[in-house]
Engineer: 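Pasting a structure below so you can have a look.
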Amino acid sequence: MRVFNYFLLLFLGCYAGISTYGQKSKPAPIKLKVMTFNIHHGENNLGKTNLTRVADLIKKHKPDFVALQEIDSGATRSGKLNQMRILSLLTGYEQAFGKTIDLQGGKYGLGILSTRPIEAVQRLKLPNPDSTEPRLLMCALVDLGVNKYVRFCTTHLDHRSPLNRGLQAAVINENLQNSLYPVIVGGDFNATADEHTLEAMTKYWNDAGANTEGATYPGNGKRIDYFWTHKESPFKVLDYHVLYEPTTSDHLPVVVTYSFEK
């Protein structure tokens, strides 16, 4: 009887092994933490450089990617510093810069920091029919490993012209919603989510901070800084919070953690 039981257990064990052979377990989702921050051309509320504090926040919260707005590069007002280069050196992140205007002998625009390799950078000029300050969408194609990529984008929409802002949001949607790669868009959109100028985003994109409270621009008590992912994309928001940093810039940084299905 003992011999029979032994062979029965051996058979069942072999059968179980055969039945699961060749089946692939579902890969665990990737977690991605992202930050967006308008750093007020590298100046804090006392008129001093805020770059060290910005770098400290990045190192503390350890986002995979950072979308930055109001970046100076070589401008007189910020001591002719290459701010993206400095932030890259202080944090150890890869960096990309996108110029929107020439300013005081230098440049001014957008920045991206990444812990992962940046394979390519796209810079798209946005509509400006009211001839205000030129605006830009900048996207980095980032290698996540195992042949998976993400387009991580930053932008800063017009704060003066609702016409410009609405057209800019529409162009961002048009250019990104059919992307071959999953997209995360972060930035200063200079409007609340209920304003008609952001209709192109709210219709097709998920707002990571939807149904949350808390301003990102203390000056007017409104939430105007966002992270968006397309409604058909594989991203799920795990965590969203606004960092209370009222003396670092006139905006507050936003940090979001996503779950990303491979």
Side-chain angles (χ1 to χ4, degrees), residues 32 34-38 65-71 96-101 107-112 120-142 149-212 215-217 219-220 222-237 240 242 251 254 256 258 260:
L32 293 175
V34 293
M35 174 188 288
T36 183
F37 197 9
N38 180 327
F65 313 125
V66 185
L68 296 167
Q69 304 86 45
E70 295 198 16
I71 306 295
F97 173 76
K99 183 194 82 168
T100 54
I101 61 172
K107 302 172 183 179
Y108 168 82
L110 305 172
I112 287 175
V121 178
Q122 174 195 24
R123 299 172 179 89
L124 176 67
K125 290 184 178 180
L126 297 176
N128 186 19
D130 275 348
S131 300
T132 59
E133 182 182 309
R135 302 289 171 161
L136 186 76
L137 169 71
M138 182 170 73
C139 297
L141 181 64
V142 183
Y149 296 85
V150 165
R151 289 176 76 185
F152 182 75
C153 305
T154 181
T155 194
H156 184 189
L157 301 192
D158 198 317
H159 68 289
R160 288 190 288 171
S161 166
L163 171 63
N164 280 1
R165 189 164 58 251
L167 289 173
Q168 289 162 5
V171 167
I172 289 172
N173 169 62
E174 180 182 351
N175 278 269
L176 295 182
Q177 70 166 317
N178 294 317
S179 172
L180 292 175
Y181 302 102
V183 179
I184 301 173
V185 188
D188 175 1
F189 282 70
N190 271 312
T192 57
D194 59 350
E195 292 182 34
H196 73 277
T197 56
L198 295 190
E199 183 179 354
M201 300 302 296
T202 56
K203 183 175 180 180
Y204 298 105
W205 298 76
N206 287 323
D207 169 11
N211 304 315
T212 65
T216 64
Y217 186 66
N220 61 14
K222 295 182 178 180
R223 187 173 68 92
I224 60 175
D225 301 85
Y226 298 88
F227 270 115
W228 307 89
T229 54
H230 197 269
K231 290 185 177 180
E232 297 180 1
S233 73
F235 293 103
K236 178 182 178 182
V237 176
Y240 170 95
V242 178
H251 286 248
V254 177
V256 177
Y258 288 103
F260 171 55

Engineer: Hey, are the side chains of F227 and Y258 touching, using non-hydrogen atoms and a 4.5 Å cut-off?
Structural biologist: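 Side chain of F227 against side chain of Y258, heavy atoms only: contact under 4.5 Å found.
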Engineer: Please enumerate all residues that pass side chain to side chain contact (heavy atoms under 4.5 Å, CB included) together with H159, with sequence neighbours excluded.
Structural biologist: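 Once residues adjacent in sequence are excluded, the partners of H159 under the side chain to side chain contact (heavy atoms under 4.5 Å, CB included) criterion are R135, N190.
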Engineer: Find the distance between CH2 (W205) and OG1 (T229) and round it off to the nearest 0.5 Å.
Structural biologist: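 Separation between the atoms: 8.0 Å.
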Engineer: Can you see which heavy atom on E133 is nearest to which on I101, and at what distance?
Structural biologist: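 In this case the closest contact between E133 and I101 is CG-CG2, 4.2 Å.
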Engineer: I'd like to check the side chain to side chain contact (heavy atoms under 4.5 Å, CB included) partners of D130; sequence neighbours left out, ordered by chain and number.
Structural biologist: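 Only T132, S161, L163, N164 meet the side chain to side chain contact (heavy atoms under 4.5 Å, CB included) criterion with D130.
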Engineer: Is it true that W228 and N206 share a donor-acceptor pair across their side chains at a distance under 3.5 Å?
Structural biologist: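 Result is no, nothing qualifies.
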Engineer: Looking at residues at least two apart in the chain, or sitting in another chain, which of them share a ring pair (Phe, Tyr, Trp, His ring centres under 6.0 Å) with Y181?
Structural biologist: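 Listed in chain order: Y149.
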Engineer: Would you confirm whether R165, through its side chain, and D158, through its main-chain N or O, come within 3.5 Å as a donor-acceptor pair?
Structural biologist: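 At least one qualifying donor-acceptor pair exists.
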Engineer: Do we see a donor-acceptor contact under 3.5 Å between the side chains of T36 and Q69?
Structural biologist: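 Yes, because at least one side-chain N or O of T36 sits under 3.5 Å from a partner of the opposite role on Q69.
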Engineer: Would you say N173's side chain and A169's backbone share a donor-acceptor pair under 3.5 angstrom?
Structural biologist: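 No.
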Engineer: Just jot down the side chain to side chain contact (heavy atoms under 4.5 Å, CB included) partners of K99, sequence neighbours excluded, or say none.
Structural biologist: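 By the side chain to side chain contact (heavy atoms under 4.5 Å, CB included) rule, K99 matches F97, D102, K107.
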Engineer: When you check the side-chain N and O atoms of T202 and E199, is any donor under 3.5 Å from an acceptor?
Structural biologist: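 Short answer, no.
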Engineer: Can you sort out the partners of E174 under side chain to side chain contact (heavy atoms under 4.5 Å, CB included), two or more places apart, ordered by chain and number?
Structural biologist: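 In terms of side chain to side chain contact (heavy atoms under 4.5 Å, CB included), with neighbours along the sequence ignored, E174 is linked to no residue.
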Engineer: Any side-chain to backbone donor/acceptor pair from T155 onto L136? Under 3.5 Å, distance only.
Structural biologist: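 Such a contact is found between T155 side chain and L136 backbone.
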Engineer: Is atom NZ of K231 surrounded by more than 12 heavy atoms (other residues, nucleotides or ligands) closer than 6.0 Å?
Structural biologist: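 It does: K231 NZ has more than 12 such atoms within range.
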Engineer: Regarding S179 and R151, is there a side-chain donor-to-acceptor distance under 3.5 Å anywhere?
Structural biologist: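 Indeed, the side chains of S179 and R151 share at least one donor-acceptor pair under 3.5 Å.
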Engineer: So, does T216 use its side chain to make a donor-acceptor pair with the main chain of I224 at under 3.5 Å?
Structural biologist: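 A pair under 3.5 Å: yes.
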Engineer: Just jot down the ring pair (Phe, Tyr, Trp, His ring centres under 6.0 Å) partners of F152, sequence neighbours excluded, or say none.
Structural biologist: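 Ring pair (Phe, Tyr, Trp, His ring centres under 6.0 Å) check on F152 returns F65.
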